[in-house]
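We count residues from 1, following the sequence as given.
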Amino acid sequence: MFDPTTFVGFHTWLSLIAIVAGFPVAAGLLQGHTRPGWTGVFLSTAFATSATGFGFPFNGVLPSHIVGAIHIVLVAIAAFALYGRRLEGGWRRAYAITAVLAFWLLIFVLVAQLFGKVPVLHALAPTQSEPPFAIAQGVVLVIFALLTWKAATRFTQAPRLAV
């Protein structure tokens, strides 16, 4: 799973790098600014994570494909707002919202993977329809709803810096 020379390993490492980079990106948004190095790493690895997710063999559309497609759209909007529109006008708020929502989807999938692969968590929710899984995802959802609101508010109200 963590062997970067396999497709699964490469996909997993991209995901973990995107998650790690998401923390300083979100912290920067809460402080009203971007973190250019972290942001580039976050957006590129987040996009690559979802894009590589479509490389696994499958028959028919799965929930993971829907989440991956939504994630790619969120990352694309965030990148366009930042690099294409330079955070002008409403694009500043759009960037904050889509960047945090993209980060949330990575954490959402991480929680699902942890419940699917970590024995003690899997025992608590073997089908991921049990209360422990729902509670964990609910807590993550509430945290990210608040984070999205705070980031959109603080990042939009922060003074603009010369680009």
With rounding to the nearest 0.5 Å, note down the distance linking [atom1] in [X] to [atom2] in [Y].
| X | Y | atom1 | atom2 | result |
| --- | --- | --- | --- | --- |
| R93 | Q157 | CZ | CD | 7.5 Å |
| I72 | L105 | CD1 | CG | 11.5 Å |
| H33 | T39 | NE2 | OG1 | 10.0 Å |
| L16 | H11 | CG | NE2 | 9.5 Å |
| Q128 | H122 | CD | NE2 | 8.5 Å |

Q: May I ask you to decide if L124's main-chain N or O and E130's side chain share a donor-acceptor pair within less than 3.5 Å?
A: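 Not confirmed, E130 side chain does not pair with L124 backbone.
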Do [X] and [Y] sit in one hydrophobic cluster, given that two such residues count as connected whenever their side-chain heavy atoms are within less than 4.5 Å of each other, even indirectly?
| X | Y | answer |
| --- | --- | --- |
| V41 | V20 | no |
| L30 | Y95 | yes |
| I107 | L141 | yes |
| V109 | V142 | no |
| Y83 | L29 | yes |

Do [X] and [Y] have side chains that approach each other closer than 4.5 Å (heavy atoms only, starting at C-beta)?
| X | Y | answer |
| --- | --- | --- |
| W104 | T148 | no |
| L106 | H71 | yes |
| V73 | I77 | yes |
| F144 | V100 | yes |
| T34 | F155 | yes |
| L82 | L43 | yes |

**Q.** Audit row: W13, T45, side chain to side chain contact (heavy atoms under 4.5 Å, CB included) steps and yes/no
**A.** CA-CA 9 Å; W13 277 106; T45 56; over 6 Å; no
What closest approach, in Å, do [X] and [Y] show between heavy atoms, and which atom pair accounts for it?
| X | Y | value |
| --- | --- | --- |
| A46 | A18 | N-CB, 3.7 Å |
| A102 | L74 | N-CD1, 4.0 Å |
| A27 | R35 | CB-NH1, 4.2 Å |
| G9 | T6 | N-OG1, 2.9 Å |
| A152 | A96 | CA-CB, 3.9 Å |

Q.
Applying ring pair (Phe, Tyr, Trp, His ring centres under 6.0 Å), can you list everything that pairs with F115, at least two apart in sequence or on another chain?
A.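 Ring pair (Phe, Tyr, Trp, His ring centres under 6.0 Å) check on F115 returns F133.
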Q: Give the intermediate values and the outcome of side chain to side chain contact (heavy atoms under 4.5 Å, CB included) for residues F10 and T52.
A: CA-CA 9 Å; F10 180 65; T52 58; 4.1 Å; yes
Q: Given side chain to side chain contact (heavy atoms under 4.5 Å, CB included), test I66 with I70 step by step and report yes or no.
A: CA-CA 6 Å; I66 295 167; I70 292 168; 3.9 Å; yes
**Q.** Mutual orientation of the aromatic rings belonging to F23 and F103 [parallel < 30°, tilted 30-60°, perpendicular > 60°]
**A.**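 Judged by the thresholds at 30° and 60°, the geometry between F23 and F103 is perpendicular.
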Q | Centroid-centroid under 6.0 Å between W91 and F80 rings | A |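 Yes, close enough.
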